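One structure is given below, encoded as structure tokens.
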Amino acid sequence: MNRNIRRLPDAEQEVMQALWACQVPAARTDIEEILFQTHSMAMTTLLTLLTRLSERGFVKIEKEGRRSLYTPCISREEYLASQSKSFFEKLCGGNLSVFASALCDSGLSREEIAQLRTLLERGEL
């Protein structure tokens, strides 16, 4: 996946996280149920954000009778890969040493660093 995916504003990213957690296609009520666990959002706000996400190509909206069903057009993995690449290039200048140092200084536990090392050694990343 080499597609450059634009970074989402926080509110839209929260909606996408909720949609990715749902069984798709998801109804608005399914998305609201997931969002309620982190923070509630007015129905009109949610619908506005879903419309924006659709206009930006992140969500597909299908009508089923009077209700709409929502399907992500971009997977969580695609979004994460794109944003990680952007972070690496913009904030670390593409320098792996700077990135590794920042990662180690980020508060990861020794166990998490060891797990990361193991994944790298096995070629699983």
Side-chain angles (χ1 to χ4, degrees):
M1 161 105 276
N2 291 334
R3 187 165 59 161
N4 186 19
I5 300 171
R6 185 176 158 220
R7 184 186 179 283
L8 292 172
D10 291 345
E12 291 177 24
Q13 189 171 333
E14 286 288 329
V15 171
M16 285 303 297
Q17 291 286 357
L19 181 56
W20 286 322
C22 291
Q23 183 172 345
V24 293
R28 174 193 49 83
T29 54
D30 299 328
I31 299 167
E32 279 180 321
E33 188 176 312
I34 301 289
L35 281 172
F36 184 74
Q37 296 171 14
T38 55
H39 68 283
S40 60
M41 182 180 290
M43 180 185 66
T44 53
T45 302
L46 175 57
L47 291 172
T48 297
L49 292 171
L50 285 165
T51 300
R52 275 192 211 155
L53 287 164
S54 174
E55 290 167 355
R56 293 181 179 165
F58 281 83
V59 173
K60 179 175 128 189
I61 303 174
E62 295 177 277
K63 290 286 188 184
E64 185 181 89
R66 292 187 56 188
R67 72 182 190 152
S68 296
L69 297 175
Y70 304 91
T71 304
C73 297
I74 295 168
S75 72
R76 180 186 315 231
E77 293 76 13
E78 289 172 315
Y79 184 75
L80 182 57
S82 175
Q83 295 312 300
S84 296
K85 182 177 185 213
S86 176
F87 171 84
F88 177 69
E89 291 172 352
K90 289 180 182 177
L91 295 178
C92 300
N95 186 318
L96 189 56
S97 296
V98 170
F99 177 73
S101 178
L103 188 59
C104 290
D105 292 341
S106 70
L108 290 176
S109 68
R110 289 187 186 273
E111 293 80 21
E112 290 168 324
I113 292 171
Q115 183 180 15
L116 180 58
R117 183 178 294 118
T118 300
L119 291 170
L120 286 167
E121 288 170 353
R122 289 184 188 160
E124 294 179 13
L125 291 181

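The structure displayed is predicted, hence computed values, not measured ones. When a residue number appears, it is its place in the shown sequence, counting from 1.
- In the hydrophobic cluster analysis, where Ile, Leu, Val, Met, Phe, Trp and Tyr join through side-chain heavy atoms closer than 4.5 angstrom, L19 is grouped together with I61.
- One hydrophobic cluster holds both I5 and M16 under the rule that ILVMFWY side chains link at heavy-atom gaps under 4.5 Å.
- Hydrophobic clustering, with ILVMFWY side chains joined whenever heavy atoms are under 4.5 angstrom apart, groups W20 together with I31.
- Annotation for G57 and C73: closest pair O-CB, 3.3 Å, computed over non-hydrogen atoms.
- When the side chains of ILVMFWY residues are joined at heavy-atom separations under 4.5 Å, either directly or via intervening members, L50 and L69 end up in two distinct hydrophobic clusters.
- Hydrophobic clustering, with ILVMFWY side chains joined whenever heavy atoms are under 4.5 angstrom apart, groups L47 together with L49.
- The line from CD of E33 to CZ of F36 is 10.0 Å long, rounded to the nearest 0.5 Å.
- Partners of S106 under the side chain to side chain contact (heavy atoms under 4.5 Å, CB included) rule, at least two apart in sequence or in another chain, are L103, L108.
- Between F99 and F87, the two ring planes are perpendicular [angle over 60°; tilted spans 30° to 60°].
- Here R110 contributes atom CZ and E112 contributes atom CD; the two are 12.5 Å apart, rounded to the nearest 0.5 Å.
- Using modelled atom types, one side-chain atom of E78 and one backbone atom of S75 make a donor-acceptor pair closer than 3.5 Å.
- Counting heavy atoms from C-beta on, the side chains of N95 and S97 come closer than 4.5 Å.
- I74 CD1 to K60 NZ: the interatomic distance, rounded to the nearest 0.5 Å, is 14.0 Å.
- Every residue was checked against the salt bridge (Lys or Arg N to Asp or Glu O under 4.0 Å) condition with D105, not counting sequence neighbours, and none meets it.
- Side-chain contact between V15 and M41 is present, with heavy atoms from C-beta onward closer than 4.5 Å.
- For residues 64-74, the pairs satisfying side-chain hydrogen bond (donor to acceptor under 3.5 Å, both in side chains) are K63-S68, E64-R67, with sequence neighbours left out.
- In this structure, Y79 and Q17 have side chains that are not in contact, with every pair of non-hydrogen atoms separated by 4.5 Å or more.
- Looking at residues two or more places apart in sequence or on another chain, you find no salt bridge (Lys or Arg N to Asp or Glu O under 4.0 Å) involving R6.
- The side-chain hydrogen bond (donor to acceptor under 3.5 Å, both in side chains) analysis of residues 35-57, with sequence neighbours excluded, yields the pairs E12-R56.
- Annotation: side chain of P72 is not in contact with side chain of V59 (no heavy-atom distance under 4.5 Å).
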In residues 23-30, what donor-acceptor pairs under 3.5 Å come from side-chain atoms, sequence neighbours left out?
unit_1	atom_1	unit_2	atom_2	d
R28	NH1	E32	OE1	2.6
R28	NH1	E32	OE2	3.2
D30	OD2	A27	N	3.0

